[in-house]
Asks: 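I have a structure I would like to understand better, so I am pasting it below and will then ask my questions one at a time.
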Amino acid sequence: MKPLFLLLFLITSFAYADEIGNQYKEQAEAGDAHAQYYLADTYFSSGDSKQATFWAEKAAKGGDIDAMALLSQIQFTQGDYAHAKALAQQATIAGSKRGAIMLARVLVNTQAGKTDYPQAIKLLQTATEDIDSDSAVDAQLLLGLIYANGVEVAQDDAKAASWFKRSSSLSRTGYAEYWAGMLFQQGEKGFITPNKQKALYWLNLSCTEGFDTGCEEFDALSGESFSPRE
């Protein structure tokens, strides 16, 4: 499964769109809305927002509700929060879980205006219900971040760890904890303030869970060689 957040939260694909996208292009060019969405998502993951927007707009016009959520994400990353919120709301109303997660992202970010954490949590909890969907991975990760961050919601590392563990169980052990550590290291304007102590805490846990990249990032941030503790 491929996390949206992280997409949502600095996730970058290591594959090139012109390589992966080939499997979708023929159908996309023939007018298949779902293929257009997948192609747009591939372009977005590779960092080509222009092509991602082009194909996502076509897919949305063709009736793909997740394409509207992807357009929201593109606008969010470009700093157009008002447009991102409007698109996320439309996608959520249409039934897109990806749209619900994007709307939650907007609602916890001060750059987008007045926050609404209770509504964001409600949206995310609903999105976690379908464990066969990538959306559950991303919703659980964002819920974990909200409780780990402790802004407008009491910080609860135990609850955060529980959500991260659930997210990682659907992707890769220690993966959500790793991204939490990276986000606290780098920060996200309007949502997470950089915090080295929190970054080390979650990278430590990622490493303890057996995610090697978490160990490497812990070593780099702490300046020490780390052996996971039981």
Side-chain angles (χ1 to χ4, degrees), residues 2-13 37 40-61 64-128 134-135 137-153 160 163 167 176 179-180 182-195 198:
K2 182 179 64 177
L4 165 65
F5 238 89
L6 299 172
L7 358 93
L8 214 71
F9 296 107
L10 307 176
I11 288 183
T12 302
S13 170
Y37 163 68
D41 198 29
T42 302
Y43 275 120
F44 181 66
S45 295
S46 71
D48 190 338
S49 294
K50 183 177 180 180
Q51 283 295 319
T53 300
F54 175 81
W55 287 107
E57 287 178 344
K58 283 184 173 293
K61 289 177 182 178
D64 191 296
I65 58 176
D66 287 332
M68 195 177 299
L70 175 55
L71 286 170
S72 170
Q73 189 175 351
I74 293 170
Q75 294 301 316
F76 185 91
T77 59
Q78 295 176 347
D80 188 346
Y81 300 105
H83 196 189
K85 184 175 183 178
L87 288 166
Q89 288 173 326
Q90 292 177 51
T92 301
I93 291 171
S96 168
K97 287 186 173 61
R98 183 169 187 171
I101 295 170
M102 272 310 306
L103 182 54
R105 283 191 69 190
V106 174
L107 292 174
V108 299
N109 194 297
T110 59
Q111 294 288 106
K114 183 177 175 58
T115 58
D116 188 342
Y117 272 77
Q119 178 63 13
I121 291 172
K122 183 178 179 180
L123 287 165
L124 293 171
Q125 288 176 332
T126 299
T128 66
D134 287 348
S135 297
V137 178
D138 303 326
Q140 291 163 355
L141 174 57
L142 184 49
L143 278 167
L145 285 167
I146 287 172
Y147 287 110
N149 198 29
V151 173
E152 294 191 34
V153 173
W163 283 116
S167 178
W179 279 109
M182 295 302 293
L183 280 167
F184 279 113
Q185 179 183 350
Q186 300 171 19
E188 181 179 302
K189 191 173 182 180
F191 177 41
I192 290 178
T193 300
N195 186 310
K198 288 185 178 182

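Just so you know, residue 1 is the first one in the sequence shown, and it goes up from there.
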Asks: For a quick test of reading the model, state the closest non-hydrogen atom pair linking Gln111 to Lys189 and the distance between them.
Replies: NE2-CE, 3.7 Å

Asks: Donor-acceptor check, side chain of Lys198 to backbone of Ala148, threshold 3.5 angstrom: yes or no?
Replies: yes

Asks: What distance separates Asp138 CG from Met102 CE, expressed to the nearest 0.5 Å?
Replies: 11.0 Å

Asks: Testing the basics here: between Ser96 and Ile65, what is the closest heavy-atom pair and its distance to 0.1 Å?
Replies: N-CD1, 3.5 Å

Asks: Identify the heavy atoms of Asp41 and Leu70 that sit nearest to each other, and give their distance.
Replies: N-CD2, 3.6 Å

Asks: If only atom types and distance count, is the side chain of Thr115 paired as donor or acceptor with the main-chain N or O of Asn109 below 3.5 Å?
Replies: no

Asks: Once you round to the nearest 0.5 Å, how far does OG1 of Thr42 lie from CG of Asp48?
Replies: 11.0 Å

Asks: Quick check on side chain to side chain contact (heavy atoms under 4.5 Å, CB included): which of Leu143, Val108, Ile146 does Val153 satisfy it with?
Replies: Ile146

Asks: Which atoms form the tightest heavy-atom contact between Gly99 and Ala91, and what is the distance?
Replies: CA-CB, 3.8 Å

Asks: Any side-chain to backbone donor/acceptor pair from Ser72 onto Met68? Under 3.5 Å, distance only.
Replies: no

Asks: Is any side-chain heavy atom of Leu124 closer than 4.5 Å to a side-chain heavy atom of Ile101?
Replies: yes

Asks: Tell me the closest heavy-atom pair linking Phe76 and Ala84, and the distance in Å.
Replies: N-CB, 3.7 Å

Asks: Any side-chain heavy-atom pair from Phe54 and Lys58 closer than 4.5 angstrom?
Replies: yes

Asks: Compare all side-chain heavy atoms of Phe44 with those of Thr53 and state whether any distance is below 4.5 angstrom.
Replies: no

Asks: Please report the closest heavy-atom contact between Glu152 and Tyr117, naming both atoms and the distance.
Replies: OE1-CD1, 3.4 Å

